[in-house]
Amino acid sequence: MHLHFGCLPTLVISSADAARQVMKIQDLSFCDRPDLNIARKLLYDTKDISASPYGEYDLSASSLPVDLSELFMTLGARSFRSFIPWLSWVDRISGLDARVDRVSKQMDDFLQGVVEEHMGDQGIQLSENNNHIEHKEDFVDILLRVQKETTHGILINNDSVKGILLNIYSAGTDTTATVLEWAMTELLRHPSVMKTVQKEQEDARMLLQHLFLAILPLLLLLFLVKWIFFNAPVSNKNLPPSPARFPVLGNFHQLGLLPHRNLQSLARKHGSVMLLYLGSVPILVLSSADAAREVMKIQDIFFCDRPESSIGRRLLYNMKDISVAPYGEYWRQLKSIFILQLASNKRVQSFRELREEETALMVNKIKDMSSSSLPMDLSELFLTLTNDVSCRSAFGKKYSEGGNGREFKTLLREFLELLGALSFSDFIPWLGWVDRISGLDARLDRVSKQLDEFLQGVVQQHIQLGENNIQMEHKEDFVDILLRIQKETTHGISIDNDSAKAILLDIYSAGTDTTATALEWAMTELLRHPNVMNTVQKEVRDILGRKPNITDKDLEKMQYLKAVIKETLRLHPPIPLLIPRSAREDVKMNNYDIAAGTMVLINAWAIGRDSATWNEPEEFLPERFLNSSIDFKGHDFQLIPFGAGRRGCPGIAFAMATNELVLANLLHKFDWKLPNGTTVENLDMSESTGVTIHRKVPLLAVATSCSF
Ligand code: HEM
């Protein structure tokens, strides 16, 4: 009969003839075992005999000087994962997965102990008497001996030994007991047979009794093992407080569309160190400066990994960039190259001309539009500016105009959107199919392929320019620098083509949206606070007078402008939850036990508005920074829009150079007001969703050109 158990086609044999066909005549074709996940987990990746697929291993194990051929068993539990993979979550919810994990670990510890004990025994006995005194050779001894001998032609490692022992134990115990159990059942059900047997087989009854008595201790042992393994306390860890959660979903539903705000509310109830679950992934959420200091400074070394992300893997060349690369030598080398070669003050300076050109273009656009006194979309202007600055510094060219340019700009925007997307397969693996149905998988494939083709083209063009020695007007951009480093061997790391492309994407993605968002919120707050706008404009105009160009020295003097930017980043950190981190090993934090692999979210947004550290935290008051040494460079944990520690943002100088130059220009050359109908009170302050939180509705403002 041909059935289907879930998605597993199953041939059911129910006659002696059919059994003979399968087990004798065609035995060779049917002697494999199905790949069942419980067997895989419990039996050392099916390194035992009963579950190991047919092959060299089976023959060799059976040819041990022990008769193991009868020691097959059914492992019992039905795992949905094996038969109906999309229902594998039932295994998790029913506790089967956890049970299998726990039992296999405890069994392994136990068997490892047994094996080690025997190894010790052997050593002692052999060295004392050069013989086996009193000690009868048991299965473990035999297996260990076979392990040492090479004559069997197969390597039996420790796992194989333990797998076989488990087989002997599990297959030999339950099966024998069951036979006895049914024999007694049938005898009790058939008194006449019982009588005959009793009468005629007095000896046999005696034997049975003896057997039963012999097995009793084994049954007691089984009961004990079951009791210990299955009733052991689930966890004696001291975990951080957690809000109640749904099975399967965990706390997903509590994140909402603006997780930074919802996590702040949860933290008010549960504390600044909280443990949430997104699907099956534990997430440590930190919402105070002290907790952030603990993780990003004191225990930074334990928390400087990034969580595994299927989106990062697919979009960023298998996480070969800097921002999502796992902590390790590769990341360390790339980051130091980035800091020394791409984000150093010297390099930031070298891109000054480029920034000035793009800012001047924006100023001219605003001038043109200001003549009509119509509102202009500042959000769009800032995004175009930072996009052009990032593209020119990263790829050597702008991609915002012309057919191809617009196409590429759209592709880059889609790339940024996808970076912020949540993939079910990362958090609720059994719902991974939703990514396929929702189109996320297809989009990831398309965008990563198109981006790769584009970046490969950019790299190729740069190589050709280099080969043809066409330097002319061409200023060294990030591609040139990376290609140069690729050739030099002094950095002790090889940057292959994929790494170079991943770093280029990093520079683009890390610097574009974030910088535009900071500018957008700064102008929003200035328009909402006319007194602050007047003060900062006065400072800028006093320092610059009628000078058309702004130098770095001028910017250095603009302390109030710097305070405006700090206050903007305090209230509106562009990436409110920073980039998630991950615990590298089991670690104690504030006396809580944090398991290796726990994802860590640091709510920089909530920390910036924490009334424990800030006076009037919801107010926009740049003055608070005037006589204060608090900065955002990663030393003051109450203000961490760029993160801190090993994983802190290396692009601060780059970002601030653009922010200060653009704002100073806008404040120097124009007067600003809200469009008709919009007031300070009713200006829409809604936030967008995503990783970078910009305004939900574009910022519209009317500019009046000043007569400088
Ligand atoms: C206002 C602008 C910016 C903001 C708010 C910002 C914010 C951040 C934040 C919050 C992180 C994660 C820090 C952590 O995990 O502790 C980060 C990492 C990073 N940023 Fe920025 N960033 C900005 C601009 C830039 C620019 C312009 C660049 C490049 C030119 C850049 C390159 C990077 C890189 C490469 C990382 C990854 C560092 C690592 O994982 O080791 N960022 N940024």
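Remember, it's 1-based here, ligands and their atoms both numbered in the order they're listed.
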Minimum-distance pair of heavy atoms, taken over all atoms of Pro241 and Tyr592: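 Closest pair (atom of Pro241, atom of Tyr592, distance): CD-OH, 3.5 Å.
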Atom of Leu239, atom of Asp593 and distance for their closest heavy-atom approach: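 Nearest pair, atom of Leu239 first, then Asp593: CD2-O, 3.5 Å.
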Which residue and atom name correspond to the protein heavy atom nearest [atom], and how close is it?
atom	value
atom 31 (C) of ligand 1	Ala510 CB, 3.4 Å
atom 13 (C) of ligand 1	Arg647 O, 3.2 Å
atom 41 (O) of ligand 1	Lys335 NZ, 2.8 Å
atom 27 (C) of ligand 1	Gly511 CA, 3.4 Å
atom 4 (C) of ligand 1	Phe642 CE2, 3.3 Å
atom 11 (C) of ligand 1	Ile579 CD1, 3.9 Å
atom 20 (N) of ligand 1	Cys649 SG, 3.2 Å
atom 16 (O) of ligand 1	Arg581 NH2, 2.9 Å

Test of ring centre spacing under 6.0 Å for Phe454 and Phe395: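 When the ring centroids of Phe454 and Phe395 are compared, they turn out to be within the sub-6.0 Å range.
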Residue [X] vicinity, atoms of ligand 1 by number, heavy atom under 4.0 Å:
X	result
Met296	16 (O)
Pro574	5 (C)
Pro641	5 (C), 7 (C), 10 (C)
Gly643	10 (C), 13 (C), 14 (C), 16 (O)
Ala655	1 (C), 2 (C), 24 (C)

Plane angle bin for His572 and Trp521 - parallel if under 30°, tilted between 30 and 60°, otherwise perpendicular: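 Rings of Trp521 and His572: parallel, under 30°.
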Aromatic plane relationship, Trp605 with His260 - under 30° parallel, 30 to 60° tilted, over 60° perpendicular: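 Plane angle over 60°, so perpendicular.
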Contact (N/O only, under 3.5 Å) between Asp506 and ligand 1: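 It does not: no N or O of Asp506 is found under 3.5 Å from an N or O of ligand 1.
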Within-shell test, Met656 vs ligand 1, heavy atom, strictly < 4.0 Å: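 False for this residue.
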Sub-4.0 Å heavy-atom approach of Ala343 to ligand 1: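 For ligand 1, residue contact (heavy atoms, under 4.0 Å) with Ala343 is absent.
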Ignoring hydrogens and geometry beyond distance, is a side-chain donor-acceptor pair present between [X] and [Y] at under 3.5 Å?
X	Y	answer
Ser265	Asn262	no
Thr515	Thr658	no
Thr512	Ser390	yes

Per-residue contact class, Ala644 against ligand 1 - non-hydrogen pairs under 4.0 Å: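 Contact part for Ala644 vs ligand 1: backbone (N, CA, C, O).
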NZ/NE/NH1/NH2 to OD/OE distance under 4.0 Å, Asp513 and Arg413: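 A salt bridge is present here (some side-chain N lies under 4.0 Å from a carboxylate O).
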Separation between OG1 of Thr568 and CD of Glu520, rounded to the nearest 0.5 Å: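 The CD atom of Glu520 is 11.5 Å from OG1 of Thr568, to the nearest 0.5 Å.
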Test item: Arg347 and Ile481 side chains (from C-beta on) under 4.5 Å apart, heavy atoms: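 Sidechains of Ile481 and Arg347: in contact.
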